[in-house]
Every structure is written in C-alpha cells, then in structure tokens.
Amino acid sequence: QLQLVESGGGLVQPGGSLRLSCVASGFNLDYYAIGWFRQAPGKEREGVSCIGNRGGTNYADNVKGRFTISRDNGKNTVYLQMNSLKPEDTAVYYCAARSYSCSGYPGNYDYWGQGTQVTVSS
C-alpha cells in the first residue's frame with residue numbers, strides 16, 4: 001500500500017522553527033519528486049517547496065531563505081526545515097509525491113499524506 005505520513009507539526013512562537021518529516025512506504029522515493037503544500041482555513045492549497053528525484057529544489061517566494069527541503073532516500077523520508085516562522089505560515093501542511101520532477105500544481109501529484117497542523121502564534 002502506497003502511503004505518505006507527515007509529522008513534526010505543532011504550535012510555535014513567531015521566529016521559531018519546526019522540522020516536518022514525510023515518510024513514504026510502499027514505494028521507493030528514488031523515482032519520485034516530493035512537494036510540500038499548505039492550506040490555511042478559507043484559502044486554496046498552495047505550493048511551498050519541492051524536491052525532485054535528483055535533488056533539485058524550488059521554493060515559493062514567501063518561504064525562500066526561511067525553509068529548506070531535503071531528502072534521505074535511505075530512510076525514504078523528505079524533510080522541510082522551517083525557520084523564522086511567521087503567523088502567516090499557519091496552515092495544515094501536506095506532502096505529496098509524483099514521478100520524477102516537481103510541479104507547483106497540486107493536481108499533478110498522485111499520492112498525498114494526511115497533513116500536519118502548523119500553528120505560529122504568541
């Protein structure tokens with residue numbers, strides 16, 4: 001069974017950090033790009049970052065310089081390190097998988113995790 005499971009969300013103060021993890025099971029991440037998306041209440045799901053199967057990365061403008069995506073294929077895991085968090089980063093964060101290359105469009109991803117809540121508040 002193909003599955004993605006996110007973890008690492010929580011409540012953090014503005015300026016704080018969190019590291020999200022996305023663990024894949026049932027398939028080999030070597031052949032997949034992993035994207036991180038987020039969805040705040042009343043808003044559309046938006047792309048945050050993506051890492052291709054060869055390690056190429058991209059970031060949304062509003063997280064560049066603060067978020068870092070990485071992958072450990074040996075652990076079948078992708079990470080999203082989030083620093084200097086802001087209240088506007090509050091959302092449910094999802095990871096998603098598609099073959100090989102990144103896409104900023106959620107509809108192009110085949111597999112999704114259940115999401116993890118990130119709340120940035122004082």
> Do the side chain of Tyr109 and the main chain of Gly104 share a donor and acceptor less than 3.5 angstrom apart?
Replying inline: no

> Which value, rounded to the nearest 0.5 Å, describes the distance between Asn58 atom CG and Ile51 atom CD1?
Replying inline: 9.5 Å

> For the hydrophobic clusters of this structure (ILVMFWY residues joined by side-chain heavy atoms under 4.5 Å, transitively), does one cluster hold both Leu4 and Phe37?
Replying inline: no

> Quick one: does Gln81's side chain have a donor or acceptor within less than 3.5 Å of a partner on Phe67's backbone?
Replying inline: no

> Distance-only, no hydrogens or angles: does the Gln13 side chain make a donor-acceptor pair with backbone N or O of Ser121 under 3.5 Å?
Replying inline: no

> About how many Å separate OH of Tyr100 and CZ of Arg54, when rounded to the nearest 0.5 Å?
Replying inline: 9.5 Å

>> Once salt bridge (charged side-chain N to carboxylate O under 4.0 Å, His left out) is applied, do any residues pair with Lys43, and if so which ones, sequence neighbours excluded?
In response: none

> Are Arg38 and Tyr94 in a cation-pi contact, defined as NZ or CZ under 6.0 Å from the six-membered ring centre and within 45° of the axis?
Replying inline: no

May I have the list of side-chain donor-acceptor pairs in residues 18-31 shorter than 3.5 Å, sequence neighbours left out?
from  : atom 1 : to    : atom 2 : distance (Å)
Asn28 : OD1    : Asp30 : N      : 2.9
Asp30 : OD1    : Asn73 : ND2    : 3.0

> How far does OH of Tyr93 sit from CG of Leu80, to the nearest 0.5 angstrom?
Replying inline: 7.5 Å

>> Using 0.5 Å steps for rounding, measure from the OH atom of Tyr32 to the SG atom of Cys102.
In response: 14.5 Å

> Looking at Ile34 and Ile69, what are the two nearest heavy atoms and their distance?
Replying inline: O-CD1, 3.9 Å

>> What I'd like to find out is whether the side chain of Pro14 reaches to under 4.5 Å of the side chain of Lys86, using heavy atoms alone.
In response: no

> Got a sec: does the CD of Glu88 have more than 12 other heavy atoms crowding it under 6.0 Å?
Replying inline: yes

> Between Val12 and Val48, is there a shared hydrophobic cluster once you connect ILVMFWY residues whose side-chain heavy atoms come closer than 4.5 Å?
Replying inline: yes

>> Ring of Trp36, cation from Arg71 - is the NZ or CZ under 6.0 Å from the centre and inside 45° of the axis?
In response: no

> Under 3.5 Å, side chain of Thr90 to main-chain N/O of Val120, donor-acceptor pair present?
Replying inline: yes

> Can Asp72 and Thr77 be counted as having a side-chain donor-acceptor contact under 3.5 angstrom?
Replying inline: no

> Got a second to check how far Arg66's CZ is from Asp89's CG, nearest 0.5 Å?
Replying inline: 4.0 Å

>> Run Met82 and Ser17 through side chain to side chain contact (heavy atoms under 4.5 Å, CB included) and show every step you take.
In response: CA-CA 5 Å; Met82 306 187 297; Ser17 298; over 6 Å; no

> Which is it for Glu46 and Asn62 under the side chain to side chain contact (heavy atoms under 4.5 Å, CB included) test, yes or no, and what are the steps along the way?
Replying inline: CA-CA 11 Å; Glu46 65 171 353; Asn62 55 5; 4.2 Å; yes

> Members other than Leu11 in its cluster, when Ile, Leu, Val, Met, Phe, Trp, Tyr link by side-chain heavy atoms under 4.5 Å?
Replying inline: none

> From Glu6 CD over to Trp112 CH2, what is the distance, rounded to the nearest 0.5 angstrom?
Replying inline: 9.5 Å

> What do the steps show when you test Thr68 against Tyr59 for side chain to side chain contact (heavy atoms under 4.5 Å, CB included), and what is the final call?
Replying inline: CA-CA 8 Å; Thr68 303; Tyr59 299 91; 3.9 Å; yes

